[in-house]
Structures are given as C-alpha cells and as structure tokens.
Amino acid sequence: MAEVKLSFGFVVVLYVFMAARLCYTDNNRSSSSHENVEVQKLLNSLNKHAVKSIKSPDGDIMDCVRISDQPAFDHPLLKNHTIKMRPIYHPNPVDDNKSSMVNATADRHSSSSITQLWHSNGKCPKGTIPIRRTKKEDILRASSVDSYGKKKSFIGKSSFIDVELGVTDGHEYAVASTKTGQFYGSKSAINLWNPKVQQSNEFSLTQTWVVGGTYNTSLNTIEAGWQVYPFLYGDNKTRLFIYWTSDGYQKTGCYNLCSGFIQTNNKYAIGGSLSPTSKTDGTQQELTILIWKDNAGGGDWWMQLNGETIGYWPSSLFTHLRNSASVIQWGGEIINTRSQGRHTTTQMGSGQFPKLWYRKASYIRKIETVDQSNALRTAEVYTFHEENCYDILTNITTDSFWGTHFFYGGPGRNPNCP
C-alpha cells in the first residue's frame, strides 16, 4: 500500500514538473515569437525598398533608396514634409570646405580623398541615397528592440556643461566647449583615426555637439562625427555617424538614418566605414564637418561633409534648436565599463596623449562657429577632460591652417589610470 501511495505521489510530482516545464517552454516560445515579430517589423521600417544594392568589401550592403522613401518620413512630424534638395544660404563657399590631409614629410595642407569602401563596387543613382542595410543580428545585439540605435537617457548632471558630460555610467570625455550664447552653426576639421576598443559594448568617438537647452528643459542636440562602436555595427571599423534628440535622449532621436534626418546626397552612407584613417608619423586624414541653421530656408539645420551637402534636420523636430543653439562642443568620448574592476584600455582619438602633438596625437582644428549674420567666427573655448586617462591641450593661433585647435585623447588604462 505504501508503494502505491509513493508511486502515486511520484506521478503527481512528475505531472506538476512536466506541466510547469511545458508552461515555461510555451512562454519562452511566445516571448521569442513576439521578439521575432518586433525585430522583423523594425527591419521592414529601416530597410526600405532599394532601386539598387551594392555589396561593400567591408561586408556592408548599401541599398540605394529613393530620397522620398527614406526612413526620415516615418516620423509623424514629417509625414507631409516637402523635401528640400539644397539650402538657401551657406556660411561660406562650398568649395572652401574640402577634406584635407597634411603630408608627413612636407607638412603641407592639400586635397584628400577620404572615401567609403563600397564606392569601389558602384554608386547610387541620382535621386537615391545610400543606406547601410540593417541586419537582424544588429538589432539583437541591443538590450531591446526599442533601444536599438538609441543612446541611454542620462540622469547625471555635469559641472562642466549640462549635456552628456559628467554622467555616472562610464562615459568619459576630452572636450572643448563655447560658453553659453547664441550660435547658428559649427565648422571644424576633425582628425580621423581607428582607435582600439576593448569591449564590444564600449565605443570611441570624436564629434561635434550642437546644443540647445538643458536636461531640465528637454535638451536638444545635433551631433556628427566618426566612431568605432562594435555593439552597434558588429565590427571595429571607423564609421561616419550622426545623432539627434529633442528631449535629452529620453524618447526622441537615434543614430544615423532612423526617422528624423533627411539625406539628399547620393555619395556618402551615414553609418558607412571611412577609409583611409590617419597613421602615426604618417599622413593625417581629416573630415571637415559644417553644420548650420539655414534661417532663410525655414530654419532647418544642414550638414556638409568635405564640401558636399549631405542633408538636414528639419527645424520641426526641435524645441530649443528651432531658434538657435546655446552651446557648441567638440571632442572625444569613450565608454568605460570597468571590466574586471579596472579602467578600460579603449583608446580615445589616436590612443596617444596630446603632449605628443602632431602626427601622433589626434586633433580638431580650425574650430569656428556661425553667428546670426551667417558669418563664420573663430571660436573661443574652454575644456574638460578625464585627468590621467585622457587629456586635452588647446591653442589659438592666427595661422590660417590651425586657427583655434586642440590635441586630445589617450590610451585609457596606464600606470596613472589603473
């Protein structure tokens, strides 16, 4: 009789265990199925119908998408937007903004041919723009489908400037900034490198920030530059990027060509890799980035890269930036996850400290702001950096090549930065 009760009890326990396991499996399957649906929905939203597709030697696929079909127009504020193919005014002649390089032996400023690798296999037809195709694995690397391509919202405030600086989640900076004022654009020549990134969820970037408002008043930013970000792109290549937000990185904005920025240029793929990059003691490569508010053309913020107009952020996306920017910043940023309790070895800029100067340390030169009269003005800046890990050294000269400039960066972990 005891054996029968024991067997019956065992059967009951086994039944409960199997039922729970089946329920867990079904829930997992349901959750996984829901995630797959959401991933596919996002892929369909980002990867528009292509007129032509080009396979890049670096593994990317560039889809040539009609300008009117790009993801920007998924934004509810842009549903009935009339596309503008060019700005009304430039702060200075387009031909004066050519990309440049400095010869390692002659130290001479001359024309440069920074390009993207996909150009070797074709080009996008007129009337289309190149969009780097998003893959399923790109989205699955994100913490959630909703967070793909977005920065985290930061609670921390900075004593330097109430933007991203001084946050407590591992972001570190070497940045030059204007004082608070009224600005209508930014121009600078940004030295291009391929820094080493230790962890896949860390990044190293160099950019310009065009800022309006504060965290307490729904921060607005427009950002552009280059970055190495394995978590976002799945590799360690140096890539062109842009970003925007109108609410302090809460719900609005995203990297590259999600809804918001309207691209009009068929040559550059935002998010595409850049080549070549600078070499220590060798040729120094640069990106010249100009961002300005075209008040005569509706107040949209246009972007020009190496003398070519790329596209614009419509003013309707913003609150503070509908009028003007209050601060402009330039510099480097990394993420330090403190793996194994130690500072990261992720490099900023070239990975060398700025005291090593030209052809070794990374720099940003010819730093200018745009005033209300649409004129470029030499910028006056002050700095912020992570002492011992990364550094920054500024200088203002009358030299037409350097102008206001600074060297910045560093190796991360070192004897003075454990």
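Just so you know, these numbers come straight off a predicted model, no measurement behind them. Side chains are part of it too, since the values below use all heavy atoms of this structure and drop only hydrogens, waters and symmetry mates.
One finds no salt bridge joining Lys179 and Glu380 here, because no Lys/Arg side-chain nitrogen approaches an Asp/Glu carboxylate oxygen to under 4.0 Å. Under 4.0 Å is where a charged nitrogen must lie from a carboxylate oxygen, and between Lys237 and Asp58 no such pair does. At a threshold of 4.0 Å, the pair Arg133-Asp63 counts as salt-bridged, since one of the basic side-chain nitrogens sits closer than that to a carboxylate oxygen. Of the charged side-chain nitrogens involved, none lies within less than 4.0 Å of a carboxylate oxygen, so that Lys355 and Asp391 do not count as a salt-bridged pair. For the pair Lys48 and Asp69, the salt-bridge criterion is not met [side-chain N within less than 4.0 Å of a carboxylate O].
Of the possible donor and acceptor atoms, one in the side chain of Lys293 sits under 3.5 Å from a partner among the backbone N and O of Leu321. With hydrogens and angles ignored, the 3.5 Å screen pairs a side-chain donor or acceptor of Lys52 with a backbone N or O of Lys123. Under a 3.5 Å cut-off, the side chain of Thr404 and the backbone N or O of Ala379 do form a donor-acceptor pair. The backbone N or O of Glu368 sits nowhere less than 3.5 Å from a side-chain atom of Lys187 that would complete a donor-acceptor pair. Between the Arg141 side chain and the Leu232 main chain, a donor and an acceptor come within less than 3.5 Å of each other. The main-chain N or O of Ser218 is found under 3.5 Å from a side-chain atom of Asn220 such that the two form a donor-acceptor pair.
Annotation: side chain of Phe183 is not in contact with side chain of Val210 (no heavy-atom distance under 4.5 Å). Counting heavy atoms from C-beta outward, Phe241 and Tyr233 have side chains that approach closer than 4.5 Å. By the 4.5 Å heavy-atom criterion applied to side chains, Trp330 and Thr178 are counted as neighbours. Looking at Cys124 and Trp118, their side chains come closer than 4.5 Å, going by heavy atoms from C-beta outward. Under the 4.5 Å side-chain criterion, counting only non-hydrogen atoms from C-beta, Tyr312 is not in contact with Pro87. Under the 4.5 Å side-chain criterion, counting only non-hydrogen atoms from C-beta, Leu274 is in contact with Leu192. Between Leu219 and Val211, some side-chain heavy-atom pair lies under the 4.5 Å cut-off. With a 4.5 Å cut-off on side-chain heavy atoms, Pro91 and Leu290 count as touching.
Side chains of Asn36 and Gln40: a donor-acceptor N/O pair is absent below 3.5 angstrom, by distance only. Residues Glu286 and Tyr363 have side chains that bring a donor and an acceptor to within less than 3.5 angstrom of each other. Donor-acceptor pairing under 3.5 Å is recorded for the side chains of Asn194 and Thr238.
The aromatic ring centres of Trp357 and Phe407 sit less than 6.0 Å apart. Ring centroids of His171 and Phe203 are separated by less than 6.0 Å, placing the two rings close together. Ring centroids of Tyr358 and Trp402 are separated by less than 6.0 Å, placing the two rings close together.
Atoms CG and SG, on Asp74 and Cys258 in that order, are 9.5 Å from each other to the nearest 0.5 Å. Atom OG of Ser246 and atom CG of Leu77 lie 8.5 Å apart (nearest 0.5 Å).
Note that Arg239 lies outside the cation-pi zone of Tyr229, set by a 6.0 Å cut-off to the ring centre and a 45° limit from the axis. A cation-pi geometry, defined here as NZ or CZ lying under 6.0 Å from the six-membered ring centre and within 45° of its normal, holds between Lys151 and Tyr243.
Exactly one of Lys196, Gln198, Gln199 qualifies for a side chain to side chain donor-acceptor pair (under 3.5 Å) with Thr345. That residue is Gln198. Partner of His343 under the side chain to side chain donor-acceptor pair (under 3.5 Å) criterion, chosen from Glu172, Arg338, Arg413: Glu172.
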